[in-house]
Trainee: 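Submitted below is the structure of interest, expressed as structure tokens.
Note that the structure is a prediction, hence the values are computed from the model and not measured.
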Amino acid sequence: MRISELERRTGVSQRLLRYYEEQGLLRPERLPSGYRVYTDGDVTTVEHIRNLLAAGLSTTTIADLLPCMGSEGGQLIADCPELLLDLHRERARLSAAITELTTARSTLDQVIATAPPLVEQAAAQLREAG
């Protein structure tokens with residue numbers, strides 16, 4: 001299939017599909033004319049890429065992980081120990097970021113709670129107006 005069909009089937013723009021190729025995430029066949037030719041497997045690969053991006057992984061990390069990824073019933077499967085190490089590392093990174101954000105939110109909540117009632121009312125009016 002051509003890139004326009006892959007775009008239609010995945011909902012991912014042609015520009016982004018070309019970017020995935022530049023990052024080594026997709027490897028379409030090239031015709032002598034230069035046109036890219038994609039397979040049904042590329043549809044699945046794009047879906048996996050989107051899922052991994054949504055999980056917070058970078059395209060660089062995904063490029064390293066994809067060769068070790070399998071699929072069963074449309075679900076990603078970790079097929080090698082190195083992949084599990086990377087996934088655990090990424091999970092720890094996300095957990096640390098969540099902890100930092102939770103702490104920041106708590107600090108903001110504490111500061112907000114110190115606002116006198118008149119200041120809170122004025123802020124509410126600004127929110128309504130804006």
Trainee: Looking at every non-hydrogen atom in both residues, tell me the closest pair between Pro67 and Ala63 and how far apart they are.
Mentor: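 Nearest pair, atom of Pro67 first, then Ala63: CD-O, 3.3 Å.
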
Trainee: Between atom CD1 of Ile77 and atom CG of Leu83, what is the distance when rounded to the nearest 0.5 Å?
Mentor: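 Rounded to the nearest 0.5 Å, the CD1-CG separation comes to 11.0 Å.
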
Trainee: Would you mind reporting whether Asn51 and Met69 have side-chain heavy atoms less than 4.5 Å apart?
Mentor: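 Met69 vs Asn51: side chains apart.
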
Trainee: About how many Å separate CG of Leu101 and CG of Leu108, when rounded to the nearest 0.5 Å?
Mentor: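 That separation rounds to 10.5 Å.
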
Trainee: Output yes when a side-chain donor or acceptor of Thr61 lies under 3.5 Å from a complementary backbone atom of Leu57, and no otherwise.
Mentor: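 Checking the backbone N and O of Leu57 against the side chain of Thr61, no donor-acceptor pair under 3.5 Å is found.
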
Trainee: Quick one: side-chain contact (heavy atoms from CB on, under 4.5 Å) partners of Arg8, sequence neighbours excluded?
Mentor: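 For Arg8, the residues satisfying side-chain contact (heavy atoms from CB on, under 4.5 Å) (neighbours in sequence not counted) are Glu5.
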
Trainee: Would you mind reporting whether Met1 and Val37 have side-chain heavy atoms less than 4.5 Å apart?
Mentor: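 No, too far: nothing below the 4.5 Å cut-off.
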
Trainee: Would you sort out whether Glu7 and Leu16 count as a side-chain contact (heavy atoms from CB on, under 4.5 Å), showing the intermediate values?
Mentor: CA-CA 9 Å; Glu7 175 184 39; Leu16 198 49; over 6 Å; no

Trainee: Look at the side chain of Asp42 and the backbone N and O of Thr39, then say whether any donor-acceptor pair between them is shorter than 3.5 Å.
Mentor: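 Present.
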
Trainee: Judged by atom type as modelled, is there a donor-acceptor pair below 3.5 Å linking the side chain of Arg93 to the main-chain atoms of Gly56?
Mentor: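 Looks like yes, one N/O pair under 3.5 Å.
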
Trainee: Are Thr45 and Leu25 close enough, and set up right, to give a side-chain contact (heavy atoms from CB on, under 4.5 Å), and what steps lead you there?
Mentor: CA-CA 8 Å; Thr45 299; Leu25 303 175; 5.8 Å; no

Trainee: Would you check, one step at a time, whether the test side-chain contact (heavy atoms from CB on, under 4.5 Å) holds for Ile62 with His48?
Mentor: CA-CA 9 Å; Ile62 294 170; His48 292 333; over 6 Å; no

Trainee: Determine, stepwise, if the pair Glu82 / Arg89 fulfils salt bridge (Lys or Arg N to Asp or Glu O under 4.0 Å).
Mentor: CA-CA 11 Å; Glu82 297 84 4; Arg89 189 172 22 258; over 6 Å; no

Trainee: Looking at Arg15, I'd like to know if its CZ atom is crowded, meaning that more than 12 non-hydrogen atoms belonging to other residues, nucleotides or ligands lie closer than 6.0 Å.
Mentor: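 Open: at most 12 neighbouring heavy atoms sit under 6.0 Å from CZ of Arg15.
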
Trainee: According to a 4.5 Å side-chain heavy-atom criterion applied to Ile, Leu, Val, Met, Phe, Trp and Tyr, with indirect links allowed, do Ile49 and Tyr19 form part of one hydrophobic cluster?
Mentor: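 Yes: a chain of side-chain contacts under 4.5 Å links Ile49 to Tyr19.
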
Trainee: Who passes side-chain contact (heavy atoms from CB on, under 4.5 Å) against Glu47, sequence neighbours left out?
Mentor: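 By the side-chain contact (heavy atoms from CB on, under 4.5 Å) rule, Glu47 matches Val43.
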
Trainee: Return the set of residues passing side-chain contact (heavy atoms from CB on, under 4.5 Å) with Ser33 (not counting sequence neighbours), or none when no residue passes.
Mentor: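 Partners of Ser33 by the side-chain contact (heavy atoms from CB on, under 4.5 Å) criterion, ordered by chain and then number, come out as Leu31, Tyr35.
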
Trainee: Give a yes-or-no answer on whether the side chains of Arg27 and Tyr20 include a donor-acceptor pair shorter than 3.5 Å.
Mentor: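 No donor-acceptor contact under 3.5 Å links the two side chains.
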
Trainee: OG1/Thr59 to CG/Leu53 distance, rounded to the nearest 0.5 angstrom?
Mentor: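 Going from OG1 on Thr59 over to CG on Leu53, the span is 7.0 Å.
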
Trainee: With a 4.5 Å limit on heavy-atom distance, are the side chains of Pro116 and Glu120 in contact?
Mentor: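 No, too far: nothing below the 4.5 Å cut-off.
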
Trainee: Can you name the closest pair of heavy atoms from Leu6 and Thr10 and give their distance?
Mentor: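 Taking Leu6 first and Thr10 second, the nearest heavy atoms are O-OG1, 2.7 Å.
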
Trainee: Quick check for you: to the nearest 0.5 Å, what is the distance between Glu100 atom CD and Arg105 atom CZ?
Mentor: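 It is 14.0 Å, given to the nearest 0.5 Å.
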
Trainee: Would Thr103 and Ser106 satisfy side-chain hydrogen bond (donor to acceptor under 3.5 Å, both in side chains), going step by step from the backbone distance to the final call?
Mentor: CA-CA 5 Å; Thr103 301; Ser106 178; over 6 Å; no

Trainee: What is the distance from atom CD of Gln23 to atom OG of Ser58, rounded to the nearest 0.5 Å?
Mentor: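 It is 9.0 Å, given to the nearest 0.5 Å.
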
Trainee: Using the salt bridge (Lys or Arg N to Asp or Glu O under 4.0 Å) rule, take Arg36 and Glu21 through it: C-alpha gap first, then chi angles, then the decisive distance, then the call.
Mentor: CA-CA 10 Å; Arg36 295 168 176 87; Glu21 182 181 355; 2.5 Å; yes

